[in-house]
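So the structure is just underneath, and the comments pick up after that.
Each residue takes its place number in the sequence, starting with 1. Predicted model, so just to flag it, every value in this text is computed and none were measured.
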Amino acid sequence: MARVSSEELGAEPIGKLLIKQAVPASIGILVMSLNVLVDSVFVGNWIGSIAIAAINVVLPVSFFIGALGMAIGVGGSSIISRALGANDKKKALFTFGNQITLTLIVTLLMVAVGLYYIDDLIPAFGGKGSIFEPAKIYYTIVLYGVPFLALCMMGNTVIRAEGKPKFAMVAMIIPSVGNLLMDYIFIYLLDWGMHGAAWATTIGYLLCCAYVFYFFVSKNSELKIKPIHLSLQFPIIKEIGSLGVVTLSRQAVVSIIYLLMNNILFNLGGEAMIAVYAIIARTLMFAFFPVYGVTQGFLPIAGYNYGAKKYQRVQKTITTAIKYAALLATLVFIGLMLFPTEIASLFLSSNPNLSKSELAINKFVLEHIPTAMRLVYAATPIIALQLIGAAYFQAIGKAIPALLLTLTRQGFFFIPLVIILPKYYGELGVWLAFPIADVLATIVTGYYLRREIKKELYELKT
């Protein structure tokens, strides 16, 4: 793999550069999303639909702890991108070293807390009835691997900040392939059930962490840290925290949403209704992988050029990224509207020897998934503006607007809607909350982004 200098972020044509950054990011996210999707298909077919619901209950907790690493990674990577753009190598090195130390301290502490309160957390997130035991098995094993996940997520964002998207792509592919291979061995061949699914996931995290470590000790990385760089420095921690809180707040809200959704849906339709939501949630990352890829590719370009004071390039990066992401989101929207039942069927076992309860859940899912999926993704074509708008403020180090825009859809709009609407419209109200929140958040994001481009960014350029 050829070495790439971060200086290319400030020199190559924006369209070509965005594709160069976004395609590897998209491939990496695609493979990771396929991992989640196929993993769920394997679990659903080889263990059962209750197992899918059990994993859906556990994910908010494990992903929140893993997201601590991503928050530290994204916050620090914004600093690194701008520091490299300003030719401040020393600050980049100390920032990366502080990211490593923070990630280890915070995630190990959270794992300890998560294991101590295991019997309280699982029911709180909807792990009730027949879901509790398989959820506890999965949760316990996966949580031990979450610090490695956090290091992977942190390291991956730094690799992108260096302008090395192909290496970041490989870092995302390795755990996905490893997980699926282990799924086949542990679940299908060895019949370990939920234990097998959990160990497959954990081993995937370990493989990813090993590759990220290799990248930074090899000649491919520009960031060769020394022990001195690992010592925490308050100004750097403060800046990482102010920007990382955006990502962390987003994941915290996602975890709250899982908690609300699992409990609201359990009250509306029991385990079967949670299974419907689990399938929709699994489809989410896979469906949006190209849009997320453009967003990931956009971040280092915008951050580097802002740090280098090339404001015309920043402005062009924003408009180009929105156009690319909107086109891709529209194509995704068409597929989701046309094939909801076919998508859901992939997750459900066709084994004729299933128990009556499993058959009843499968029937329920197939009856309810078309309406649910079409409503949840009804506003998909406009999400590009939301994602790029919030990402821009984060890329240039403006923490408060980035935080507010990130929380707009899920925190300020979706949570109140999903609490209120089901009281009047039942299950329909749950699904309606998604597109309404998307439309309102897009309007707000569009307003603030337009104001930034026309005022602050234009004034800096001139």
Side-chain angles (χ1 to χ4, degrees), residues 33 36-45 47-60 125-132 134-135 138 254-288 332-333 335-351 354-380 410 414-415 417-419 421-423 425-438:
S33 304
V36 175
L37 190 70
V38 177
D39 183 57
S40 298
V41 170
F42 286 171
V43 169
N45 281 272
I47 304 177
S49 51
I50 287 294
I52 297 179
I55 293 176
N56 201 57
V57 165
V58 172
L59 283 180
F125 279 85
K128 304 169 184 176
S130 58
I131 299 176
F132 178 79
Y138 189 84
V254 169
S255 295
I256 292 170
I257 288 172
Y258 269 95
L259 185 151
L260 287 172
M261 290 289 288
N262 286 335
N263 282 281
I264 290 170
L265 292 172
F266 186 86
N267 293 332
L268 288 172
E271 293 94 334
M273 192 67 80
I274 292 180
V276 172
Y277 177 55
I279 291 173
I280 291 174
R282 290 295 175 285
T283 308
L284 176 64
M285 184 177 285
F286 173 74
F288 290 162
V332 168
F333 168 78
L336 291 169
M337 294 302 106
L338 292 177
F339 306 109
T341 304
E342 290 79 2
I343 292 170
S345 297
L346 295 172
F347 296 88
L348 304 175
S349 175
S350 57
N351 188 338
L354 289 175
S355 65
K356 288 185 178 180
S357 62
E358 286 281 351
L359 289 171
I361 290 174
N362 289 357
K363 181 181 178 182
F364 183 94
V365 169
L366 290 175
E367 289 174 350
H368 287 73
I369 204 78
T371 298
M373 190 171 288
R374 285 177 176 137
L375 286 174
V376 167
Y377 297 113
T380 295
Q410 295 174 318
F414 180 78
I415 289 178
L417 285 167
V418 83
I419 291 173
L421 292 180
K423 294 180 179 179
Y425 303 103
E427 178 194 350
L428 181 63
V430 174
W431 311 130
L432 282 172
F434 285 88
I436 295 173
D438 277 330

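In this structure the side chain of Val276 never reaches within 4.5 angstrom of the side chain of Leu265, judged on heavy atoms. Taking the side chain as every heavy atom from C-beta outward, Val376 and Leu336 never approach each other to under 4.5 Å. Counting only heavy atoms from C-beta outward, the side chains of Leu260 and Ile415 approach each other to under 4.5 Å. Proximity of Phe364 to Met273: side-chain heavy atoms (C-beta onward) are separated by under 4.5 Å at one or more points. Between Leu375 and Leu428 there is a side-chain heavy-atom pair separated by less than 4.5 Å.
Rounding to the nearest 0.5 Å gives a distance of 9.5 Å between CG of Leu338 and CD1 of Ile343. Asn263 contributes atom CG, which lies 11.0 Å from atom CG of Leu268 (distance to the nearest 0.5 angstrom). From Ile436, atom CD1 reaches atom CH2 of Trp431 across 14.0 Å, with rounding to the nearest 0.5 Å. Between the CD1 atom of Ile257 and the CG atom of Asn262 there is a distance of 11.5 Å, given to the nearest 0.5 Å.
Scanning both residues, Val365 and Ala275, for their nearest heavy atoms gives CG2-CB, 4.0 Å. A pairwise comparison of heavy atoms in Gly429 and Leu421 identifies O-CB, 3.5 Å as the closest pair. Closest approach of Ile369 and Ala344 over heavy atoms only: CG2-CB, 3.6 Å. Arg374 approaches Met337 most closely through the heavy-atom pair NE-O, 2.9 Å. Taking every heavy atom of both residues into account, Thr283 and Met373 meet most closely at OG1-CE, 4.0 Å. When all heavy atoms of Ala379 and Asp438 are compared, the pair lying nearest together is CB-CB, 3.5 Å.
Of the possible donor and acceptor atoms, none in the side chain of Tyr377 sits under 3.5 Å from a partner among the backbone N and O of Phe434.
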